[in-house]
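The structure under discussion appears below in the form of structure tokens.
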There are 2 protein chains.
Amino acid sequence: MLPPAPLTSRGEQAKTQLVAAAMTLFGEKGLHGATTRDIAQLAEQNIAAIPYYFGSKDGLYLAVAHYIADYMLRALGPVFANIDGLLAPPVLEPERYRQSIHRIFIKLAELLSQSETLHLSQIISREQLSPTAAHAIIHQKAIAPMHRRIVKLVAGYTGCDPNATETLIHTHAMLGEVLSFRIARETVLLQTGWSSIGPEQITVIQQVLLQHIDWLLNGMRAANTR
Amino acid sequence: MLPPAPLTSRGEQAKTQLVAAAMTLFGEKGLHGATTRDIAQLAEQNIAAIPYYFGSKDGLYLAVAHYIADYMLRALGPVFANIDGLLAPPVLEPERYRQSIHRIFIKLAELLSQSETLHLSQIISREQLSPTAAHAIIHQKAIAPMHRRIVKLVAGYTGCDPNATETLIHTHAMLGEVLSFRIARETVLLQTGWSSIGPEQITVIQQVLLQHIDWLLNGMRAANTR
DNA sequence: GTCTATAGTCGGATAGAC
DNA sequence: GTCTATCCGACTATAGAC
């Protein structure tokens with residue numbers, strides 16, 4: 001008997017594996033540090049498959065960027081839907097907004113700590129340091145929508161103007177707290193003596209972050225209703 | 001008449017200029033993205049001067065790492081001296097520690113916003129993403145000493161245990177707020193619509209950060225003396 | 001569509017003149 | 001010490017067999 005027809009064609013599978021391998025190596029070594037040879041080898045595909053399916057190494061990199069943006073949207077989609085429900089009129093009591101902010105920060109801390117997303121966040125971070133076309137893709141598809149919603153939630157709880165630059169800066173600083181555990185991961189490990197950031201470590205981090213968010217939100221709220 | 005003897009020999013000057021050019025290009029494009037040809041051209045030096053003075057491209061990169069660590073120590077030296085004075089017995093009233101924390105955060109925000117330090121912080125950030133030997137140099141010489149002192153100050157103000165991992169995490173999260181304005185600089189620019197982070201922008205950022213630090217410190221203090 | 005072989009380019013390091 | 005010329009290796013992309 002013939003083996004069952006594969007759910008995805010061989011070509012599709014090759015593309016998928018190349019994108020996965022590319023994300024790993026671009027994440028670890030950066031766009032210039034990773035070579036097409038290594039990517040093809042890790043993906044167990046032919047080197048020539050890269051120009052064939054993606055046009056060029058840069059094309060593969062852009063495909064990775066799209067994958068990252070889509071992954072983030074998939075991961076955050078439910079949270080976004082929930083937030084959009086909250087943000088629709090009528091205006092709710094502040095406590096609802098605070099809970100939603102907690103939810104998204106927990107989700108972010110979780111996402112940023114999972115080992116599956118390590119390479120993803122390394123690529124995003126490098127794009128922030130020297131943006132290419134990939135940055136625009138990820139920013140527009142995923143980062144900006146998230147940022148916008150969080151700013152509105154923060155404004156909803158604190159009573160700040162959601163369009164004021166200052167509200168944006170406050171929100172960005174809060175997000176910085178989560179991000180630092182991914183971006184300055186190496187410093188955290190060296191200072192704490194942890195060998196890795198596992199489930200117990202994530203719990204500690206999440207608790208600290210939620211406390212911080214409450215202190216900050218209440219500080220802003222108090223400053224605003226003074 | 002002969003021209004006056006140069007204060008630094010020609011060789012020393014070549015080295016200095018190569019390190020400066022290397023910092024710029026390594027910052028902009030990363031270790032693999034920057035080429036020795038481009039570095040030599042920007043430094044207005046011969047390509048062969050790189051292997052001659054630094055052994056190799058990697059040697060030049062390490063020289064840049066040492067330069068960065070020394071630069072940070074020079075910039076933070078006075079602040080460190082001041083902190084060490086505060087931290088020596090006897091124990092002072094908490095307010096003194098809070099002021100010192102303010103001082104170092106203002107200094108950090110300033111440092112991280114100056115255009116001269118842009119490439120410096122890009123290199124440090126990339127080293128955090130994928131650490132090389134350069135990371136160890138910078139961490140040991142500059143980052144760890146700074147971290148240690150800030151943790152002690154935070155402990156001094158809040159009454160937390162300076163050796164507890166949690167205190168470290170709290171401090172790291174606070175530092176993340178400052179760092180995010182450098183590391184996620186691109187997001188800040190896109191979200192605010194700013195074209196660059198100039199003096200007025202730094203002022204806004206510093207004010208927000210100091211507010212946050214006070215809210216966080218007081219939150220920790222209250223939680224600890226409850 | 002997939003693979004092998006190879007072309008063409010570029011980057012880092014070196015040899016040797018001055 | 002400094003510079004030019006060049007080598008060698010590595011990388012991406014392509015041409016063409018299957």
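Throughout, a chain's letter reflects where its sequence line sits, starting with A, and its residues are numbered from 1.
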Round to the nearest Å and state the distance from [X] atom [atom1] to [N] atom [atom2].
{"X": "B:Ile50", "N": "D:dG1", "atom1": "CD1", "atom2": "P", "value": "17 Å"}
{"X": "A:Leu25", "N": "D:dT12", "atom1": "CG", "atom2": "P", "value": "11 Å"}
{"X": "B:Leu18", "N": "D:dG1", "atom1": "CG", "atom2": "C1'", "value": "14 Å"}
{"X": "B:Glu44", "N": "D:dC3", "atom1": "CD", "atom2": "P", "value": "12 Å"}
{"X": "A:Asn46", "N": "D:dG16", "atom1": "CG", "atom2": "P", "value": "17 Å"}
{"X": "A:His32", "N": "D:dA10", "atom1": "NE2", "atom2": "C1'", "value": "16 Å"}
{"X": "A:Ile39", "N": "D:dA13", "atom1": "CD1", "atom2": "C1'", "value": "14 Å"}
{"X": "B:Ile47", "N": "C:dT14", "atom1": "CD1", "atom2": "C1'", "value": "12 Å"}

If you only use heavy atoms from C-beta on, which nucleotide in [options] is closest to the side chain of [X]?
{"X": "B:Lys57", "options": "C:dG12, D:dC11, C:dC3", "value": "C:dG12"}
{"X": "A:Ser56", "options": "D:dC11, D:dT4, D:dA13", "value": "D:dA13"}
{"X": "B:Tyr52", "options": "D:dG1, C:dT14, D:dT4", "value": "D:dG1"}

How do B:Ala49 and A:Ala48 order along DNA chain D: which one's closest nucleotide is nearer the 5' end?
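With B:Ala49 and A:Ala48 compared, the 5'-side residue is B:Ala49.
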With a 3.5 Å distance limit and no angle check, can you tell me whether B:Lys57 reaches the backbone of B:Leu31 through a side-chain donor-acceptor pair?
yes
Considering heavy-atom distances to DNA chain C, does A:Gln45 or B:Asp58 have its closest nucleotide positioned more toward the 5' end?
A:Gln45
Does the C:dG1 base have a donor-acceptor partner in the side chain of A:Arg10 within less than 3.5 Å?
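Side chain to base: no pair present.
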Which of parallel (below 30°), tilted (30 to 60°) and perpendicular (above 60°) describes A:Phe181 and B:His172?
tilted
Over all strands shown, is B:Ala34 touching base, sugar-phosphate only, or nothing at heavy-atom distances under 4.0 angstrom?
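It contacts sugar-phosphate atoms only.
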Can you tell me if B:Thr36 touches the phosphate of C:dG11, counting only side-chain N or O atoms and a distance under 4.0 Å to OP1 or OP2?
no
We want to know whether A:Gln191 and B:His139 form a side-chain donor-acceptor pair, criterion being a heavy-atom distance below 3.5 angstrom.
yes
Kindly check if the number of other-residue, nucleotide or ligand heavy atoms within 6.0 Å of NZ (A:Lys29) is above 12?
no
If you measure from CG on B:Leu210 to CG on B:Leu217, what distance do you get to the nearest 0.5 Å?
10.5 Å
